[in-house]
Every structure is written in structure tokens, then in C-alpha cells.
Amino acid sequence: MNPDKYYWTNRASIHHIERLKDFLPANSDAEVILRSGSPRYIEHWEESVVSGDGHRRYDLLLEYDIYHPSHGIYFGCRSLTLPGFDHDVETKEALEEWNKVMPLALRRLNNVFPEKDFSSRLRDTDNDNDRTFWPFWISLHEDESPHDVACVALRIMSAAYRDYIAGKSIPESVGEPEDIVYPHIRTAFTQEAYDSFLNRMAANVAIISDLEHKQTNMRHAIRIFESVLEKAEARGLVTRSDAYACAWCLKEGISDIEFASMVKAVFRLIGDNLNLPSPVKIPWKDLIRIFLRYDETPFKEQLKTLKAQQDTISLIERQSLKLMAE
């Protein structure tokens, strides 16, 4: 066992301290901070607002406890009961006031950060001491900047508090919480990704098919593609990876340009085989969710822009035609 009983705590905490180095004095060292315990809490106050009745101060701040790295970096509102007032009473008032400010704050946060939904990120505190109370707090995700997300969000929430205190119009309450609905996560190299590719390819075939043959062409297109894929596996051009549910790795030596040309050739031949009046659109976004390079590195959508020399294209078309004919 490591003789330093705080080894793992310190090891995990260094990462978070480094993320917050802009809020520390110049040349601050994470290991020195951990050894000294100072500051115990790394804090950045973005703004403070005094409640309308003058009983509480709302500090909109970013905070991190160096000895509890599992809590991560968090931000939100800390209500401080001012001298002369009963803290138990002010705690209830702070929570009630936040419930009134919340609809406006959430509307503005989601307007500014359209790819995030802050209504699912609000957390309740589990303590109330030292005349302070957090009506809510939000974990800062690993892929979020303390400056670009936390500080911006804190300013938005501070403005919502100020507007409420000034008596400005506030949206209606968010009401009772709804059942949790988890957003769909688009995966890669899964059965869902493979099915999505086939469905998108079939839909693209349907678009350019006449009504009488639409359903038949969709089924045939899928059958042709899966047949080509099976034959490409048999010849060692691709190998199905056992590390993923649905992923095929290219044979070593096949370049990105050659692979792009292979795909284009197969889709042209699918169109010719079905006697379609125009080329079948290739669903590149879905295709790169099922194919990998030989070293398991993924492709980017820019794959579709790569163009090979004509002699390479002719060779690949002949090889693709041979695969379909086998």
C-alpha cells in the first residue's frame, strides 16, 4: 500500500486544479496547493446579487474542493444569510426564490447554449451549514471550458436574479417535473449504426426509383451491398472486428482514396444493376460509422471528397464488378 494515504486523492485532484489554473495566482503549483491545503476551495466569483429583501447575498460562482476530486468542478448559486437574520428561514426563502427565477434562467441558458439542456443538469445540495446554502449547482463536464461555459452561464443566471428582483416579467413556473426522457445517442460501430446505414441507403434508392419498383429496389440494394461486403470479407479486403458490435476494418495497404473510390464504384454498380435513372447518393455520414482503417482509426466525412486517378478508378471498378459477379 502506498505510504501516502492521500496519494490517490492528490493524483486525481491535480487534473482539476490544472483546469482552473487561470483562476489561481500566477505560477501556482498543484502539488504545492495539495500539500499545503491552501486554498482548500478554489473559487471564482463571477457576480453577487443581494436579495430584494436584503436578507441574503447570492454568489454566482465556480468552485472546486481540492480534497474531494470525485465531486469535480461545479458552478451555481451559493446563498449567504446576512447578519441578523435566521438562517433556517433564509434557506427556505432562497430555495423558493430560485424556483421563481429558474424558468427565466433556464430559458436563457438553453437559448445561449442550444446544444445543451440545462434543465436536466440542475442538482440539489446535500448540506446546509456555515450560514450558506446552495439552491442549485451544476457539474462542469470534462469537455466544457470553465471560462466559455461556467462563467458565461453564471453571468446569465446572475442577470436572471437581477431581473427577478427588479420586478421584470418572468416566465411561468416550470411546474411539476416530467418523466425523464433520455436523448437518443447516435453511436458508431453498433448494430444501430449498421441498420441506420442500410436504411439510409435504401431510402436514397427509393428516392430515384419509380413507384412500382420502389420497395423491390430497396430490398435488392441492401441484398447487393451485403453480398459485396461478404465477398470482400472472403477475399480479405475487409475484416469484421470482434472489438465492436458492427465494424469492418480495411486491409492494410488500402488508402483512404482507394477506399473512397471502392465505395463510389459499388454504389454506381448498385444503380446500374437496378437500372436506376441516376446515381445512388452515398450516405457517407452513416458509412463511416461502420468502416475503420486497418489500425482502427475512424474516417472523417471528408472521405467523400477524395478523388483517385482515372486508372485507379478503372481498376477499382473492375474489382468491384468482379466482387458483385462472384
Side-chain angles (χ1 to χ4, degrees), residues 1-51 56-83 85-88 90-95 97-98 101-102 105 109 113 116-158 161:
M1 181 176 179
N2 195 297
D4 182 356
K5 66 178 181 179
Y6 299 114
Y7 173 79
W8 294 109
T9 296
N10 293 349
R11 179 177 180 270
S13 195
I14 287 174
H15 166 68
H16 297 304
I17 295 173
E18 289 295 324
R19 291 183 71 197
L20 297 174
K21 62 183 178 181
D22 289 347
F23 304 110
L24 291 164
N27 302 317
S28 294
D29 182 85
E31 293 186 359
V32 172
I33 290 172
L34 287 165
R35 282 198 302 269
S36 66
S38 180
R40 165 64 188 276
Y41 293 92
I42 298 176
E43 296 181 342
H44 170 70
W45 294 18
E46 190 64 33
E47 295 184 23
S48 292
V49 180
V50 176
S51 62
R56 301 169 304 284
R57 188 186 74 210
Y58 297 131
D59 298 324
L60 285 302
L61 76 159
L62 175 77
E63 186 175 89
Y64 172 63
D65 180 350
I66 66 171
Y67 291 146
H68 287 90
S70 59
H71 294 177
I73 301 169
Y74 49 91
F75 61 97
C77 177
R78 182 176 64 194
S79 173
L80 172 67
T81 299
L82 297 176
F85 301 102
D86 184 277
H87 182 58
D88 289 339
E90 299 311 321
T91 292
K92 294 182 178 66
E93 289 293 327
L95 186 57
E97 193 149 67
W98 164 242
V101 173
M102 187 197 312
L109 285 169
F113 298 99
K116 304 180 186 295
D117 181 6
F118 280 89
S119 62
S120 64
R121 295 181 59 177
L122 300 175
R123 299 290 178 264
D124 295 325
T125 190
D126 59 2
N127 65 75
D128 174 16
N129 54 40
D130 297 329
R131 295 181 68 80
T132 64
F133 168 72
W134 290 69
F136 70 93
W137 59 276
I138 299 169
S139 291
L140 183 71
H141 292 174
E142 281 293 317
D143 61 351
E144 293 178 336
S145 159
H147 287 285
D148 297 339
V149 175
C151 292
V152 172
L154 288 168
R155 290 195 292 271
I156 292 169
M157 293 183 285
S158 177
Y161 266 107

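Between Ile138 and Phe118, the shortest heavy-atom contact is CD1-CD2, 3.9 Å. Closest approach of Ser79 and Arg56 over heavy atoms only: OG-CD, 3.7 Å. Closest heavy-atom contact between Pro135 and Tyr161: CG-OH, 4.4 Å. The nearest pair of heavy atoms linking Trp137 to Ser139 is CZ3-OG, 3.1 Å. For the pair Asp117 and Arg121, the tightest heavy-atom approach, listed with the atom from each and the gap, is O-CG, 3.8 Å.
Here the CG-CG distance, from Asp86 to Asp88, works out to 5.0 Å after rounding to the nearest 0.5 Å. Put simply, CD1 on Ile14 and CG on Asp29 are 8.0 Å apart, with the number rounded to the nearest 0.5 Å. Note: Leu60 CG to Glu46 CD = 8.5 Å, rounded to the nearest 0.5 Å. One distance of note links CG of Leu24 with CD1 of Ile42; it measures 4.5 Å at 0.5 Å rounding. In this structure, the separation between CZ on Phe136 and SG on Cys77 is 5.5 Å, given to the nearest 0.5 Å. In this structure, the separation between CD1 on Ile17 and CG on Leu34 is 4.0 Å, given to the nearest 0.5 Å.
When atom types are taken as modelled, the side chain of Ser13 and the backbone of Ile66 share a donor-acceptor pair closer than 3.5 angstrom. At distances below 3.5 Å, not a single donor-acceptor pair connects side-chain atoms of Arg40 with backbone N or O atoms of Asp65. Put simply, the side chain of Ser36 gets close to the backbone of Val32: a donor and an acceptor are under 3.5 Å apart.
Counting non-hydrogen atoms of neighbouring residues, nucleotides and ligands closer than 6.0 angstrom, the NZ atom of Lys21 reaches no more than 12 such neighbours. The environment of CD in Glu18 is crowded: more than 12 heavy-atom neighbours from other residues, nucleotides or ligands sit within 6.0 Å. No more than 12 heavy atoms of other residues, nucleotides or ligands shown are found within 6.0 angstrom of CZ on Arg11. Within a 6.0 Å sphere centred on CG of Asn27, other residues, nucleotides and ligands contribute 12 heavy atoms or fewer.
Under the 6.0 Å cut-off for aromatic ring centres, Phe23 and His147 qualify, their centroids lying closer than that.
Between the side chains of Glu97 and Tyr58, at least one donor N or O lies within less than 3.5 Å of an accepting N or O. Side-chain contact, Asp128 with His87: a donor N or O sits under 3.5 Å from an acceptor N or O. With no hydrogens or angles considered, a side-chain donor-acceptor pair links His15 and Glu142 at under 3.5 Å. When only modelled atom types and interatomic distance are considered, Glu90 and Thr81 share no side-chain donor-acceptor pair under 3.5 Å.
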Go through it in stages, so that I can follow the logic: the residues are Asn10 and Glu31, the test is side chain to side chain contact (heavy atoms under 4.5 Å, CB included), and I'd like the CA-CA distance, side-chain angles, deciding distance and then a yes or no. CA-CA 8 Å; Asn10 293 349; Glu31 293 186 359; over 6 Å; no
Output, in order, the C-alpha distance, side-chain angles, deciding distance and verdict of side chain to side chain contact (heavy atoms under 4.5 Å, CB included) for Lys116 and His141. CA-CA 11 Å; Lys116 304 180 186 295; His141 292 174; 5.6 Å; no
Check the pair Glu93 / Phe133 against side chain to side chain contact (heavy atoms under 4.5 Å, CB included), numbers first and verdict last. CA-CA 11 Å; Glu93 289 293 327; Phe133 168 72; over 6 Å; no
Verdict with reasoning, Trp134 to Leu61, per side chain to side chain contact (heavy atoms under 4.5 Å, CB included): CA-CA 11 Å; Trp134 290 69; Leu61 76 159; 3.5 Å; yes
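Using a 4.5 Å heavy-atom cutoff, the side chains of Leu140 and Arg19 are in contact.
The aromatic rings of Tyr64 and His16 lie tilted to each other, with the angle between the two planes from 30° to 60°.
For Arg35, the salt bridge (charged side-chain N to carboxylate O under 4.0 Å, His left out) criterion is met by no residue, not counting sequence neighbours.
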